[in-house]
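If you're wondering where the values come from, they're calculated on a predicted model, not measured in any experiment. Just so it is clear, the values below take in all heavy atoms, side chains as well, and ignore hydrogens, waters and symmetry mates.
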Amino acid sequence: MSDLPHVRPAQPEAPQQAPGTRPALSAIDLLAFACQLFAFATFAIWGFAAWDFPLNVVAGIGAPIVAILLWALFVSPRAVLIVHPFVRALVELLVYASATIAWWSMGHAWIGLVFGAVAVTFGVLSGRRRLA
C-alpha cells in the first residue's frame with residue numbers, strides 16, 4: 001500500500017448566477033430566434049399566396065398559428081411540455097423543413113434552400129449550446 005492519500009483533482013467551479021435569472025442570450029440564440037420568426041412569416045406568405053380566396057385566409061392565418069403553437073409547446077425556452085432534447089430538435093427541424101417546402105411550392109427553391117441551411121445551422125449551434 002502506498003502512503004499517498006487518495007485525492008482527486010478539484011473540478012473548476014461554474015460561475016454562480018443569482019436565483020431567478022437566466023444566462024445571457026448569445027448572438028446564436030438571437031439568430032436562431034430570427035430563423036423561427038422567418039419560418040412563421042413564411043407560413044403566412046405561403047398561406048395567402050398559394051391558395052384561392054376563401055382558403056387563403058384560413059391557410060394564411062392558420063399555418064403560422066399551428067407553427068407558433070408547436071414552438072410554444074415544445075421548442076420555446078419556457079415550453080409547456082418538457083420533452084427530451086431530441087424530440088425538441090425534431091419539432092424544430094419539422095418547422096424548418098415545412099418552411100423550406102413552402103418556399104419550394106411557391107417556386108422559390110433557392111430561398112428555401114438558403115433558409116433551410118441557415119436555420120438548421122443555427123438550430124444545431126443553439127441546441128449544442130443548450131446541451132453543454
Side-chain angles (χ1 to χ4, degrees):
M1 293 227 214
S2 113
D3 292 332
L4 297 175
H6 296 288
V7 178
R8 295 183 182 203
Q11 294 187 4
E13 292 184 23
Q16 298 293 326
Q17 287 185 337
T21 60
R22 288 188 248 166
L25 293 175
S26 69
I28 293 172
D29 294 330
L30 294 176
L31 290 171
F33 181 67
C35 288
Q36 284 286 342
L37 290 179
F38 187 79
F40 301 151
T42 296
F43 294 133
I45 292 168
W46 171 78
F48 285 116
W51 300 91
D52 291 331
F53 172 64
L55 293 177
N56 73 344
V57 176
V58 174
I61 295 172
I65 287 176
V66 169
I68 289 169
L69 285 175
L70 282 173
W71 185 79
L73 287 174
F74 299 106
V75 182
S76 157
R78 294 185 181 184
V80 175
L81 302 173
I82 305 300
V83 294
H84 194 274
F86 293 113
V87 174
R88 181 179 178 168
L90 185 65
V91 171
E92 192 172 3
L93 185 63
L94 174 72
V95 171
Y96 291 155
S98 299
T100 301
I101 292 169
W103 280 112
W104 284 352
S105 72
M106 290 187 290
H108 299 286
W110 285 107
I111 295 174
L113 287 173
V114 169
F115 169 71
V118 168
V120 168
T121 300
F122 284 116
V124 167
L125 292 174
S126 176
R128 286 188 56 129
R129 185 174 179 265
R130 280 191 301 261
L131 290 176

Original post:
Members other than F43 in its cluster, when Ile, Leu, Val, Met, Phe, Trp, Tyr link by side-chain heavy atoms under 4.5 Å?
Top reply: V95

Original post:
Should the heavy atoms of other residues, nucleotides or ligands under 6.0 Å from CZ of F33 be counted, would the total exceed 12?
Top reply: no

Contacts table for residues 103-119: side-chain donor-acceptor under 3.5 angstrom, sequence neighbours left out:
{"unit_1": "W103", "atom_1": "NE1", "unit_2": "T42", "atom_2": "OG1", "d": "2.9"}
{"unit_1": "W104", "atom_1": "NE1", "unit_2": "A109", "atom_2": "O", "d": "3.2"}
{"unit_1": "S105", "atom_1": "OG", "unit_2": "W46", "atom_2": "NE1", "d": "3.2"}
{"unit_1": "S105", "atom_1": "OG", "unit_2": "A102", "atom_2": "O", "d": "2.8"}

Original post:
In the single-linkage hydrophobic clustering (I, L, V, M, F, W, Y; side-chain heavy atoms under 4.5 Å), do I61 and L37 co-cluster?
Top reply: no

**OP:** Heavy atoms only: give me the nearest A59-P64 pair and the separation to one decimal.
**Re:** O-CD, 3.9 Å

Original post:
Are any of the side-chain heavy atoms of C35 and L31 separated by less than 4.5 Å?
Top reply: no

Subject >> Minimal non-hydrogen separation, I28 against S126, with atom names >> reply: CG2-N, 3.6 Å

Donor-acceptor list for residues 68-85 side chains, cut-off 3.5 Å, not counting sequence neighbours:
{"unit_1": "S76", "atom_1": "OG", "unit_2": "R78", "atom_2": "N", "d": "3.1"}
{"unit_1": "H84", "atom_1": "ND1", "unit_2": "F86", "atom_2": "N", "d": "3.2"}

